[in-house]
Amino acid sequence: MVVLSEEQVMLRDMAAEWARERMPVTAYRKLFTGAFPLGHDPAAWADMAAMGWAGIVVPEELGGVDFGYRSLGLVLEELGKSLAASPLISSALIVATALRLAGTAEQQARWLPGIADGSVIGALALDEGPRHAPLATALTARQRGDGWQLDGLKRPVPDGMAASLFVVVARTSGGPGDGDGLTLFLVEPDAVGLARTSLDQVDARSPALLTLAGVALAGDAVLGPVGGAGVLLDRILDCGRAGIAAEMLGTASQAFETVLDYLKTRVQFGQLIGSFQALQHRAGAMFGELQLLRSAVEAALAALDVGDAEAPQLVSLAKAMAGDTLHRISNEMIQLHGGIGMTHEHDAGLYLKRARVADQSYGNAAFHRERWGRLNGF
């Protein structure tokens with residue numbers, strides 16, 4: 001396992017304590033009541049920003065702490081344990097990375113300080129269908145004088161109902177499936193012709209459907225190269241993929257701990273069910289998979305921090321393993337708890353729902369197995 005610095009240990013412990021006290025699973029349940037239509041608790045988000053978490057990958061000169069992806073992964077892992085909903089991945093990780101990698105000095109100065117202090121929430125508007133498929137982008141961007149006009153749909157957009165800045169992936173040339181012709185645009189939610197609608201999601205978070213009908217943008221809304229953002233987009237997405245893999249590691253770890261507690265306390269046929277060898281074998285298999293997943297996630301985050309050329313392969317390995325491992329453990333959590341695990345009142349169903357959404361986010365396990373094979377020449 002990765003050896004953490006003293007500062008990283010303090011950050012992890014602070015995140016763990018805060019999540020237990022401020023954002024336990026009982027807080028997550030409130031999303032299902034409609035108490036937070038934006039998909040997260042704004043007060044909790046303000047707390048996260050005040051602790052500096054929204055600026056972990058933002059440069060110091062722009063209001064951040066520049067503490068690296070591994071450090072942000074520690075926070076995401078702890079939040080994943082209690083299923084805490086926040087725009088941390090969408091805004092503080094993905095959009096902050098996009099601006100850091102491709103933004104002009106003016107774009108960075110305008111947006112990154114707000115992202116770092118939490119006053120700006122960014123969201124990536126990428127997918128247009130039920131599955132993650134960056135190259136399937138069909139939303140068009142046509143040049144109009146010195147500016148651009150955007151037309152099309154984006155769905156689902158994670159944290160799209162809360163966003164005050166969108167990074168929209170559009171096609172300036174070619175057609176769906178082409179690797180070339182993709183361009184990133186910075187779009188504000190009050191742009192004329194932009195409408196957003198809340199979508200229902202099984203984990204009660206609130207992604208958005210974005211409709212762009214003749215949205216006019218100035219020339220300085222372009223983020224990065226025109227028509228050549230494919231490689232850049234992959235780098236940005238890999239940071240998000242590694243981040244959600246870290247969250248999934250935390251979710252799987254807590255689901256496993258909940259199962260262990262039940263095995264140690266549930267009595268059946270006059271003895272603890274944890275004494276049954278068949279259940280011990282299942283628990284042992286889950287523990288082994290968790291250790292492998294931790295190694296994969298840590299390797300991916302470390303590779304991103306140093307700019308390792310193998311980072312894309314390591315990220316896809318981590319995301320694929322996270323999808324498979326969390327899928328299995330969330331299923332086992334339901335089955336080993338028996339009938340109570342099927343009730344909404346028990347936490348098991350909440351972990352199962354989040355597991356399914358997290359697996360689909362930024363590419364499911366099948367997507368990343370295929371990508372890993374392609375990147376390795378298979």
Any residue meeting salt bridge (charged side-chain N to carboxylate O under 4.0 Å, His left out) with D234, in chain and number order, not counting sequence neighbours
R241, R371

Pair [X] + [Y]: basic N to acidic O under 4.0 Å:
X    : Y    : answer
R171 : D151 : no
K264 : E257 : no
D127 : K154 : no
R110 : E106 : no

Report, as yes or no, whether the 6.0 Å neighbourhood of atom CG on D190 holds more than 12 heavy atoms from other residues, nucleotides or ligands.
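Yes, because the 6.0 Å sphere around CG of D190 holds more than 12 heavy atoms from other groups.
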
Only one of L150, V187, V168 clears side-chain contact (heavy atoms from CB on, under 4.5 Å) with L194; which?
V187

Check whether the side chains of T97 and Y69 place a donor and an acceptor atom closer than 3.5 Å, and report yes or no.
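A donor-acceptor contact under 3.5 Å links the two side chains.
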
In terms of side-chain heavy atoms, does R142 have a donor or acceptor partner in T140 at a distance below 3.5 Å?
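Distance-only check passes for R142 and T140.
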
So, taking the atom named [atom1] in [X] and the one named [atom2] in [Y], what distance separates them when rounded to the nearest 0.5 Å?
X    : Y    : atom1 : atom2 : value
M51  : I56  : CE    : CD1   : 9.5 Å
H368 : D238 : NE2   : CG    : 7.5 Å
Y28  : Y351 : OH    : OH    : 10.0 Å
L249 : M321 : CG    : CE    : 10.0 Å

According to ring-ring contact (aromatic ring centres under 6.0 Å, His included), does anything in residues 266-317 pair up with another residue at least two apart or in another chain? List the pairs.
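Output for this query is empty, none listed.
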
Sorted by first residue and then second, give each ring-ring contact (aromatic ring centres under 6.0 Å, His included) pair with at least one member in residues 158-210; sequence neighbours left out.
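Applying ring-ring contact (aromatic ring centres under 6.0 Å, His included) to every pair that reaches into residues 158-210, excluding sequence neighbours, yields W148-F185.
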
Other than V192, which residues form its hydrophobic cluster under the rule that side-chain heavy atoms must be closer than 4.5 Å?
none

What heavy-atom pair brings S119 and S164 nearest, and what distance separates the two atoms?
O-OG, 4.2 Å

Ignoring hydrogens and angles, write down the donor-acceptor pairs under 3.5 Å from the side chains of residues 197-210, residues two or more places apart or on other chains.
unit_1, atom_1, unit_2, atom_2, d
Q201, NE2, D203, OD1, 2.9
D203, OD1, R205, N, 3.3
D203, OD2, R354, NH1, 2.7
R205, NH2, A84, O, 3.4
S206, OG, P37, O, 3.2

Set of side-chain contact (heavy atoms from CB on, under 4.5 Å) partners for Q335, sequence neighbours left out
R282, E332

Does R196 reach the main-chain N or O of P189 with its side chain, forming a donor-acceptor pair under 3.5 Å?
no

Quick one: does any side-chain atom of E128 pair with a main-chain N or O of L139 as donor and acceptor, under 3.5 Å?
yes

